[in-house]
J.: 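Dropping the structure in here first, questions after.
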Amino acid sequence: MADPRAPVVEWSAAEVAGQLRRPQRLFVLDVRNRDEFEAWKVEGREPVPTLNVPYFEILEQGGKDEVVDSVREFFGRGLGGALPRDRTVLAVCAKGGTSDLVALGLRELGYDAVNLAGGMAAWAEHYGALAVVESADLAVYQVSRPARGCLSYLVASAGRALVIDPLRHVERYLELARERGLRIEAVLDTHAHADHISGGPALARAAGAPYLLHPYDGIHPFDVVPGRVAFEYLRDDQELRVGRATARVLHIPGHTLGNSAVVLEGRYLFSGDSIFIASVSRPDLGGRAEAWTPLHHDSLRRLLALPEETLVLPGHYASPAEGDARGCFAASLGRLKRENADLRLVASGRAAFVAHILHSLARVPPEYVEIKRVNAGLVEPDEDKAFELETGKNICGLAHPAA
């Protein structure tokens, strides 16, 4: 039995990410309200047993004056059997204070319970980085934000670096570059993002580097208002140099009018929001689904013409299960041609593809319209507002309605 006099054990968001690679020993008790839980939760590559019991229910049904006493009463009787004795119970709340008390109460009942330090607010700001390739001549680092299912990249060669689709917390990229002795010489967004606030302009300013974007995405598509972000133009077939490496820009309109991809050394495709591991991107997040879906079909055909051994590095994932055992999200184009059902439909022709896409679209969150305004430089949210806009997982991939 755990010593109740011992301090509450906490795991940082980074430690939780590590534990999720060993899900067989983890159980999540999330005490947020049900709507918050449904919007986003802690997930792993393999399913993690999870129980959502709102904190106010624990207090009401526990019936004690002290929080820890209510936790002990609540889980010591009715729901005691719902929590495992052979796993670590990770208590989760919005900011870590409430779940701290829940974890303490559970420890006093003899459970191996720990708290997610900082709660989901800390989970939202957790980033991981791993090497997709790392050699003397070329390195590609995938930077992931698990709470959002967002992916970004740092490409390095000969001490120089290009950052692709950086997310809001730009210090993560500056730190990664410092650790590896790299100088960031360019920052590129493959498109004007809707699901998250881009770190592109801020990172470019901090690094003293140019910020690159296709000019078609310099206009807010809903308001048709020119943006106020300074950028250098990306062009179709433009060549970019990163140290001794060469990259080529492909303009692939569909997800947005300016949507672009980057092919590095003819071997690595940074597909941005076009091809994902398990789906393809939506063409409706600019409010122009019927006009943009045919363009999306033609752009995907162009990408599918690349060599089958090309390694696809997407901008998002819908589920951690799309990654490998290391947590890397990548697949050969040949494999995706075989396994990605949405991608296979491209060969059926434009009409069939358009019909399928338009049938599969989910609602556009109103937050996405506002995020596009932020990324166009039309509004500047404070930290609380930025966090609110980015709450929940991205839904940039195609939805699949039930049959």
Side-chain angles (χ1 to χ4, degrees), residues 125-135 137-146 148-193 195-214 217-218 229-235 238-250 258-265 267-274 311-317 328-330 374-375 377 390 394:
E125 296 189 3
H126 170 66
Y127 288 62
L130 55 80
V132 178
V133 59
E134 196 170 37
S135 68
D137 296 324
L138 179 67
V140 175
Y141 302 99
Q142 187 176 75
V143 181
S144 65
R145 189 181 176 192
R148 299 288 298 164
C150 292
L151 300 169
S152 52
Y153 300 89
L154 186 148
V155 176
S157 174
R160 305 291 187 263
L162 163 68
V163 180
I164 299 174
D165 288 332
L167 305 169
R168 179 162 62 94
H169 303 92
V170 301
E171 62 276 7
R172 307 297 197 276
Y173 305 93
L174 295 169
E175 181 180 347
L176 182 61
R178 281 195 300 268
E179 288 174 351
R180 286 157 177 77
L182 302 171
R183 182 172 132 194
I184 297 174
E185 290 202 325
V187 179
L188 181 155
D189 266 329
T190 57
H191 63 288
H193 301 279
D195 70 293
H196 67 268
I197 295 172
S198 170
L203 180 59
R205 288 193 299 270
Y211 172 56
L212 307 175
L213 181 73
H214 195 281
D217 276 4
V229 174
F231 61 90
E232 294 187 10
Y233 285 14
L234 279 181
R235 305 180 309 277
Q238 178 180 355
E239 183 179 288
L240 303 173
R241 295 288 300 176
V242 187
R244 291 188 289 269
T246 302
R248 183 167 66 100
V249 176
L250 303 179
N259 198 35
S260 300
V262 178
V263 179
L264 176 68
E265 292 290 285
R267 292 179 287 162
Y268 306 99
L269 171 64
F270 300 91
S271 59
D273 278 24
S274 59
L311 189 68
V312 177
L313 298 163
H316 292 295
Y317 59 90
C328 181
F329 297 85
V374 174
N375 286 335
E390 290 189 330
N394 84 84

J.: Ignoring hydrogens and angles, tell me if any N or O in the side chain of Ser144 forms a donor-acceptor pair with the backbone of Leu151 under 3.5 Å.
T.: no
J.: Let's go through Val133 and Tyr268 carefully: what are the C-alpha distance in whole Å and the side-chain angles of both, what is the deciding distance for side-chain contact (heavy atoms from CB on, under 4.5 Å) to 0.1 Å, and is it a yes or a no?
T.: CA-CA 10 Å; Val133 59; Tyr268 306 99; 3.8 Å; yes
J.: Do the non-hydrogen side-chain atoms of Val132 and Cys328 ever get within less than 4.5 Å of each other?
T.: yes
J.: Do you know the tightest heavy-atom contact between Tyr127 and Arg172?
T.: CD1-NE, 3.6 Å
J.: Asp165: what forms a side-chain hydrogen bond (donor to acceptor under 3.5 Å, both in side chains) with it, not counting sequence neighbours?
T.: Thr190, His193
J.: For Thr246, is there any backbone N or O sitting under 3.5 Å from a side-chain donor or acceptor partner on Glu265?
T.: yes
J.: Can you establish whether the number of heavy atoms outside Arg235 located under 6.0 Å from its atom CZ is more than 12?
T.: no
J.: Measuring from atom OG of Ser260 to atom CZ of Phe270, what distance do you get when rounded to the nearest 0.5 angstrom?
T.: 14.0 Å
J.: Tell me yes or no: between the side chains of Ser198 and Arg168, is some donor less than 3.5 Å from an acceptor?
T.: no
J.: Would a 4.5 Å heavy-atom cut-off, applied to side chains only, mark Val262 and Leu250 as touching?
T.: no
J.: Taking only residues two or more places apart in sequence, or in another chain, which ones meet Tyr173 in a ring-ring contact (aromatic ring centres under 6.0 Å, His included)?
T.: none
J.: Do Leu162 and Leu264 come close enough that some side-chain heavy atom pair is under 4.5 Å?
T.: no
J.: Measure the CG-CG distance between Leu311 and Leu269 for me, rounded to the nearest 0.5 Å.
T.: 9.0 Å
J.: So His316 and His196, would you call those rings parallel, tilted or perpendicular, with 30° and 60° as cut-offs?
T.: perpendicular
J.: Closer than 3.5 angstrom, by distance alone: can the side chain of Tyr153 be matched with the main-chain N or O of Pro314 as a donor-acceptor pair?
T.: yes
J.: What pair of heavy atoms forms the shortest contact from Ala158 to Gly243, and how long is it?
T.: CB-CA, 4.0 Å
J.: Give, for atom CG of Leu167 and atom CD of Glu390, the distance between the pair rounded to the nearest 0.5 Å.
T.: 8.0 Å
J.: Working to the nearest 0.5 angstrom, can you tell me the gap between Ile184 CD1 and Leu203 CG?
T.: 4.5 Å
J.: So which heavy atom on Ala245 is nearest to which on Ser157, and how close?
T.: N-OG, 3.6 Å
J.: Shortest non-hydrogen contact from Ser271 to Gly315?
T.: OG-N, 4.5 Å
J.: If you round to the nearest 0.5 Å, how far is CG of Asp273 from CG of Asn394?
T.: 7.5 Å
J.: Determine the sole option in Asp189, Leu313, Val155, Leu212 for which the side chain to side chain contact (heavy atoms under 4.5 Å, CB included) test with Ile164 is passed.
T.: Val155
J.: Any donor and acceptor pair, going by atom type alone, linking the side chain of Arg244 with main-chain N or O of Asp137 inside 3.5 Å?
T.: no
J.: If we only count heavy atoms from C-beta on, is the Arg145 to His169 side-chain gap below 4.5 Å?
T.: yes
J.: Are any non-hydrogen side-chain atoms of Val229 and Tyr211 less than 4.5 angstrom apart?
T.: yes
J.: For the residue pair Tyr317 and Pro146, establish whether any side-chain heavy-atom pair is separated by less than 4.5 Å.
T.: yes
J.: So Leu138 and Arg267, do their side chains get closer than 4.5 Å, heavy atoms only?
T.: yes
J.: Determine all donor-acceptor pairs shorter than 3.5 Å in which one atom belongs to a side chain in residues 174-183; sequence neighbours excluded.
T.:
| unit_1 | atom_1 | unit_2 | atom_2 | d |
| --- | --- | --- | --- | --- |
| Arg180 | NE | Tyr141 | OH | 3.3 |

J.: In Å and rounded to the nearest 0.5 Å, what is the NE2 to CG distance from His214 to Leu188?
T.: 11.5 Å
J.: Pro166 and Val187: which non-hydrogen atoms are nearest, and at how many Å?
T.: CG-CG1, 3.6 Å
